[in-house]
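I have placed the structure first, in the form of structure tokens, so that the comments after it can refer back to it.
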Amino acid sequence: YIRFFEDIAPKVKGKNLLVCSDDHACIEYARKYFVDSRIITISDIPDTGGVSLHLNKNLDRYETNLDALADLVALSLSDELHICPHDKGELSGYSMLARNLNSQKGLVWELLGRA
């Protein structure tokens with residue numbers, strides 16, 4: 001994500017920047033790196049010491065899933081999306097879902113009861 005942050009920095013300078021990640025270190029790095037942007041997060045991602053949220057048996061699955069859904073809704077209603085691809089240059093399924101929902105904001109508002 002460090003190189004990705006470097007690439008998008010000029011585009012987000014001075015803007016509100018919603019950072020959604022399941023990586024605590026990534027979010028903390030964003031807070032330090034984007035000094036000219038207001039960093040916003042929805043989820044409270046714990047520092048798991050590198051253990052994936054999905055594989056961490058010490059976390060409440062309900063809370064973890066609720067956070068993921070809250071992030072997804074926030075991403076889907078964002079004005080712009082900047083999505084960091086995986087190391088192989090591909091988007092995750094979650095990122096593809098966020099991008100597709102973002103292109104259909106009317107559907108998201110309808111799902112939220114605000115058609």
Side-chain angles (χ1 to χ4, degrees):
Y1 54 82
I2 294 172
R3 178 154 178 136
F4 174 73
F5 284 178
E6 292 170 355
D7 291 343
I8 68 167
K11 300 173 192 170
V12 301
K13 185 176 182 177
K15 296 182 179 181
N16 292 332
L17 181 60
L18 172 66
V19 178
C20 298
S21 175
D22 60 357
D23 183 344
H24 178 81
C26 174
I27 295 169
E28 290 305 309
Y29 187 82
R31 286 188 172 119
K32 293 175 186 169
Y33 184 82
F34 294 109
V35 294
D36 294 325
S37 300
R38 180 174 172 236
I39 301 301
I40 301 166
T41 58
I42 304 295
S43 298
D44 183 24
I45 303 299
D47 185 353
T48 61
V51 178
S52 167
L53 292 180
H54 308 292
L55 302 176
N56 194 318
K57 296 181 184 344
N58 297 323
L59 298 177
D60 181 332
R61 298 301 310 152
Y62 176 81
E63 291 295 326
T64 303
N65 290 335
L66 191 59
D67 279 345
L69 289 171
D71 279 350
L72 185 62
V73 170
L75 289 167
S76 69
L77 296 174
S78 295
D79 293 333
E80 296 176 46
L81 285 182
H82 303 281
I83 299 175
C84 183
H86 281 291
D87 295 338
K88 298 177 184 176
E90 300 172 0
L91 296 182
S92 69
Y94 185 87
S95 295
M96 287 189 287
L97 179 57
R99 184 182 62 192
N100 289 336
L101 287 172
N102 183 267
S103 70
Q104 299 182 50
K105 287 181 177 64
L107 172 63
V108 176
W109 283 118
E110 189 174 323
L111 290 170
L112 294 173
R114 292 285 200 94

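Remember, it's a predicted structure, so these values are computed and weren't measured experimentally.
Listed for the H24 side chain is a donor-acceptor partner under 3.5 Å among the backbone atoms of I45. Checking side-chain atoms of Y94 against main-chain N and O of A68 turns up a donor-acceptor pair under 3.5 Å. Although no hydrogens or angles enter the test, the distance criterion places a donor-acceptor pair under 3.5 Å between the side chain of S92 and the main chain of S95. Judged by distance alone, the side chain of N102 and the main-chain N or O of L81 form no donor-acceptor pair under 3.5 Å.
I27 approaches S21 most closely through the heavy-atom pair CD1-O, 3.6 Å. Taking every heavy atom of both residues into account, I83 and R99 meet most closely at CD1-CB, 3.9 Å. For T41 against L18, the heavy-atom pair with the smallest separation is CA-CD1, 4.3 Å. Counting all heavy atoms, side chain and backbone alike, P85 lies closest to L91 at CA-CD2, 4.1 Å.
Taken from SG in C84 to CZ in F5, the straight-line distance is 7.5 Å, to the nearest 0.5 Å. The CG atom of L69 sits 11.0 Å away from atom OG1 of T64, with the distance rounded to the nearest 0.5 Å. The distance from atom CG of D7 to atom CZ of R3, rounded to the nearest 0.5 Å, is 5.5 Å.
The hydrophobic cluster containing V73 does not contain L66, counting ILVMFWY residues as joined when their side-chain heavy atoms lie under 4.5 angstrom apart, directly or transitively.
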Under 3.5 Å, which donor-acceptor pairs link side chains of residues 33-40 to any protein atom two or more places apart or in another chain?
| unit_1 | atom_1 | unit_2 | atom_2 | d |
| --- | --- | --- | --- | --- |
| S37 | OG | V12 | O | 2.7 |

Mind listing the side-chain donor-acceptor pairs of residues 108-115 below 3.5 Å, one per line with the distance, residues two or more places apart or on another chain?
none

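Using modelled atom types, one finds a donor on one side chain and an acceptor on the other under 3.5 Å when comparing S43 with D71.
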Item to complete: With side-chain contact (heavy atoms from CB on, under 4.5 Å) as the test, would you mind laying out the steps for L72 and L101 before giving the verdict?
Response: CA-CA 9 Å; L72 185 62; L101 287 172; 4.0 Å; yes

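Under a cut-off of 6.0 angstrom, the local environment of CG in D79 is sparse, with at most 12 non-hydrogen atoms contributed by other residues, nucleotides or ligands. At most 12 heavy atoms of other shown residues, nucleotides or ligands fall within 6.0 angstrom of atom NZ in K13.
Taking the salt bridge (Lys or Arg N to Asp or Glu O under 4.0 Å) definition, one finds that R31 meets it with E28, sequence neighbours left out.
Between E80 and K15, at least one side-chain nitrogen of the basic residue sits less than 4.0 Å from a carboxylate oxygen of the acidic one, meeting the salt-bridge criterion.
At least one side-chain heavy atom of D23 sits less than 4.5 Å from a side-chain heavy atom of Y1.
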